[in-house]
Participant: 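The structure's right below; bear with me while I get my questions together.
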2 protein chains.
Amino acid sequence: MQVKEAVIERRSGVALWRQIADRMRREIGEAALGGDGRMPPETALAERFGVNRHTVRTAIAALVQEGVLRAEQGRGTFVEGRKRLAYPIRSRTRFSEGLAGQSRGLAADLLDHATEKAAADVAKALHLSPGAPVIRLETLSHADGRPVSRARSWFDAERFAGMAEAFAQTRSITASFREFGLADYLRHSTVVTARHAEAGDLKDLRLSPGAIVLVTTAINVDTRGKPVQYSETRFAADRIELHIPGSEAQ
Amino acid sequence: MQVKEAVIERRSGVALWRQIADRMRREIGEAALGGDGRMPPETALAERFGVNRHTVRTAIAALVQEGVLRAEQGRGTFVEGRKRLAYPIRSRTRFSEGLAGQSRGLAADLLDHATEKAAADVAKALHLSPGAPVIRLETLSHADGRPVSRARSWFDAERFAGMAEAFAQTRSITASFREFGLADYLRHSTVVTARHAEAGDLKDLRLSPGAIVLVTTAINVDTRGKPVQYSETRFAADRIELHIPGSEAQ
DNA sequence: TTAATTTGTCTATTGTTCTAGACAATTAAA
DNA sequence: TTTAATTGTCTAGAACAATAGACAAATTAA
């Protein structure tokens with residue numbers, strides 16, 4: 001007999017349907033639910049979570065909206081979303097190379113760009129004086145047609161004048177650097193945090209409120225150790241996992 | 001004039017007070033709010049978030065409960081919680097060494113342990129046959145009196161017979177390994193994901209529903225490259241950030 | 001064709017969250 | 001002492017979330 005699980009909390013400030021949606025999304029990712037591509041019927045899910053069928057339906061509707069599930073009247077509900085992509089973080093971290101082989105249709109769009117004065121953290125990371133001119137790029141990356149990450153990058157405006165135009169054309173940081181005579185660069189440091197997605201990222205990454213983003217704050221340096229890029233990237237946490245090899249494997 | 005920010009979403013399945021609590025927790029962590037140790041008055045916060053004062057009060061009550069804030073009638077509301085601790089992930093990753101210097105009162109408790117048959121993923125990670133006996137430790141780590149991480153580790157039961165007892169006494173993986181003649185070990189790989197905390201972790205890590213955990217799945221190996229530990233650690237995402245140095249710094 | 005299974009839609013009711021306003025209690029400054 | 005600023009408590013109503021039940025619509029299997 002299927003016993004009701006006591007994992008859903010009431011009065012928590014998070015609606016039951018959202019808790020159920022979050023849980024189903026995770027279990028689908030682990031193939032613990034809908035592993036054969038087919039979800040259990042709504043009535044079975046409702047019994048399992050100890051809620052009304054309508055509450056489960058609201059959760060399913062949210063996952064359909066996200067593209068994780070697809071519901072067909074009379075047939076059932078099916079899994080649409082794929083597994084999490086592995087994003088390797090290593091000395092030579094390159095966005096497109098990292099995801100190559102796992103997905104098709106990799107693309108990076110330039111949403112916005114500006115030349116501005118470096119704030120304290122940007123200046124420190126790039127070894128510039130505060131207020132020095134920097135170029136800021138706002139980019140959005142897709143894999144298999146699904147948005148995967150949203151990044152904000154800064155570059156020294158003197159050394160990389162025209163970076164935005166180069167990126168708009170090549171759609172790749174690595175290729176853009178090459179146009180500036182920078183053939184190779186290294187990942188100097190990466191800081192990883194996680195938080196709830198903000199309104200803008202919810203929209204760009206097509207997430208639903210309450211969704212989680214993995215945030216990496218990274219510094220890339222040239223082969224002489226000079227910083228060339230400072231960036232903050234928000235990854236949709238249910239589509240990506242970060243892989244950090246040990247040093248001997250790098 | 002302070003203009004209302006449109007960052008709080010209604011009908012999202014996440015109560016406004018919880019969205020506001022999550023946002024304030026983050027801004028406090030970044031010192032963007034209460035940087036001087038003192039929070040703006042409730043009326044000002046209510047206006048800023050475009051909600052009723054009572055809604056802000058509910059959010060503050062949740063953060064008081066978490067130990068992030070302290071409210072004093074007539075005086076104001078003050079920041080109690082500290083900054084996020086930096087947890088370095090490098091070749092020689094050691095829990096207590098990593099946090100040493102940033103906090104006092106580091107402690108690890110053994111919540112539970114068992115000898116069991118290795119599941120497929122555990123066997124693969126430890127280079128054992130599926131079903132081989134392994135020791136599983138369930139541990140909880142504190143820093144400055146606040147729970148920081150909840151880990152589940154597996155060890156080869158043959159090589160490390162008595163691991164649970166060693167850990168219970170030394171309260172350290174590194175020290176326990178030493179008792180088995182293992183003076184040094186290396187981090188072979190780390191996978192980082194993020195998700196909503198589950199019921200058990202909410203309780204152990206003293207989080208409120210909707211909170212985020214950073215999950216690292218790691219393999220440690222001895223100096224000959226043989227796996228000695230496989231572990232999954234859940235970090236409270238608002239108390240910890242993972243630091244990954246570039247390979248040249250390792 | 002018929003029956004069973006499953007998702008989709010509708011109405012009504014109850015409980016929780018949010019708003020609104022008023023006023024008390026405490027502290028610090030004038 | 002008086003006043004202003006701030007948090008704490010209470011009441012009432014509006015908006016949203018969850019439950020309950022009934023039945024329609026589509027698909028599949030008998």
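Here the structure is a predicted model, which means the values were calculated and not measured. Note on naming: letters A, B, ... go to the chains in the order of the sequence lines (proteins, then strands), and numbering restarts at 1 for each one.
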Participant: Give the rounded distance in Å between these two atoms: CD1 of A:Ile20 and C1' of D:dA17.
Facilitator: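 The answer, rounded to whole Å, is 12 Å.
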
Participant: Would you compute the distance between atom CG of B:Asp112 and atom CG of B:Leu140 and round it to the nearest 0.5 angstrom?
Facilitator: 12.5 Å

Participant: Report yes if at least one side-chain N or O of B:Arg57 is closer than 4.0 Å to OP1 or OP2 of D:dT7; otherwise report no.
Facilitator: no

Participant: Test for a donor-acceptor pair under 3.5 Å between the base of D:dG21 and the side chain of A:Arg53, counting only N and O atoms.
Facilitator: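 No such pair is found, so the answer is no.
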
Participant: Using modelled atom types only, decide if a donor and an acceptor are shared between the side chain of B:Arg152 and the backbone of B:Arg136 within a distance under 3.5 Å.
Facilitator: no

Participant: Pick base, sugar-phosphate or nothing for B:Thr58, based on heavy-atom distances below 4.0 Å to the nucleic acid.
Facilitator: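 No contact at all - B:Thr58 keeps every heavy atom at 4.0 Å or more from the nucleic acid.
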
Participant: Check the distance between D:dT28's P and A:Arg75's CZ and give it to me in whole angstrom.
Facilitator: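 Interatomic distance, CZ of A:Arg75 to P of D:dT28: 5 Å.
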
Participant: Flag the pair A:Glu138 and A:Arg150 as a salt bridge only when some basic side-chain nitrogen lies within less than 4.0 angstrom of an acidic carboxylate oxygen.
Facilitator: yes

Participant: Take atom CZ of B:Arg18 and atom C1' of C:dC18, then tell me their distance rounded to the nearest Å.
Facilitator: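 Those two atoms, CZ and C1', are 16 Å apart.
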
Participant: Between B:Gln19 and B:Val14, is there a donor-acceptor pair closer than 3.5 Å when you use the side chain of the first and the backbone of the second?
Facilitator: yes

Participant: Rounded off to whole Å, could you give me the CD-to-C1' distance for the B:Gln73 and D:dC10 pair?
Facilitator: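 My rounded result for the distance is 14 Å.
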
Participant: Do B:His54 and C:dG21 share a donor-acceptor pair, side chain to base, under 3.5 Å?
Facilitator: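 Indeed, a donor on one side and an acceptor on the other fall under 3.5 Å apart.
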
Participant: I want to verify a distance call: between C:dA25, D:dA18, D:dT19, whose nearest atom is closest to the A:Ala15 side chain?
Facilitator: D:dA18

Participant: Consider the side chain of A:Val51, meaning its heavy atoms from C-beta on, and name the nucleotide among D:dT7, D:dT19, D:dT6 that approaches it most closely.
Facilitator: D:dT19

Participant: Given atom CG of B:Asn52 and atom P of D:dT11, what is their separation to the nearest angstrom?
Facilitator: 17 Å

Participant: Could you say whether A:Gly74 or B:Gly74 is positioned toward the 5' end of DNA chain D, judged by the nucleotide with the nearest heavy atom to each?
Facilitator: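 Of the two residues, B:Gly74 wins.
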
Participant: Between P on D:dT19 and CD on A:Glu42, what's the gap in Å once rounded to a whole number?
Facilitator: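 So the CD-P distance, A:Glu42 to D:dT19, works out to 14 Å.
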
Participant: In plain terms, say whether B:Lys124 and B:Asp121 are close enough for a salt bridge, that is, a side-chain N and a carboxylate O under 4.0 Å apart.
Facilitator: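 Result for this pair is no, no salt bridge flagged.
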
Participant: Without decimals, in angstroms, what is the distance between B:Gln19 CD and D:dC16 P?
Facilitator: 13 Å

Participant: Look at the side chain of B:Thr55 and decide which nucleotide, out of D:dG8, C:dA28, C:dC18, has an atom nearest to it.
Facilitator: C:dC18

Participant: Classify A:Thr77 by what it touches in the nucleic acid, base, sugar-phosphate, or nothing, heavy-atom distance under 4.0 Å.
Facilitator: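 Sugar-phosphate only.
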
Participant: Calculate the interatomic distance between B:Trp17 atom CH2 and C:dT19 atom P; express it in whole Å.
Facilitator: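 For the pair B:Trp17 CH2 and C:dT19 P, the rounded distance is 14 Å.
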
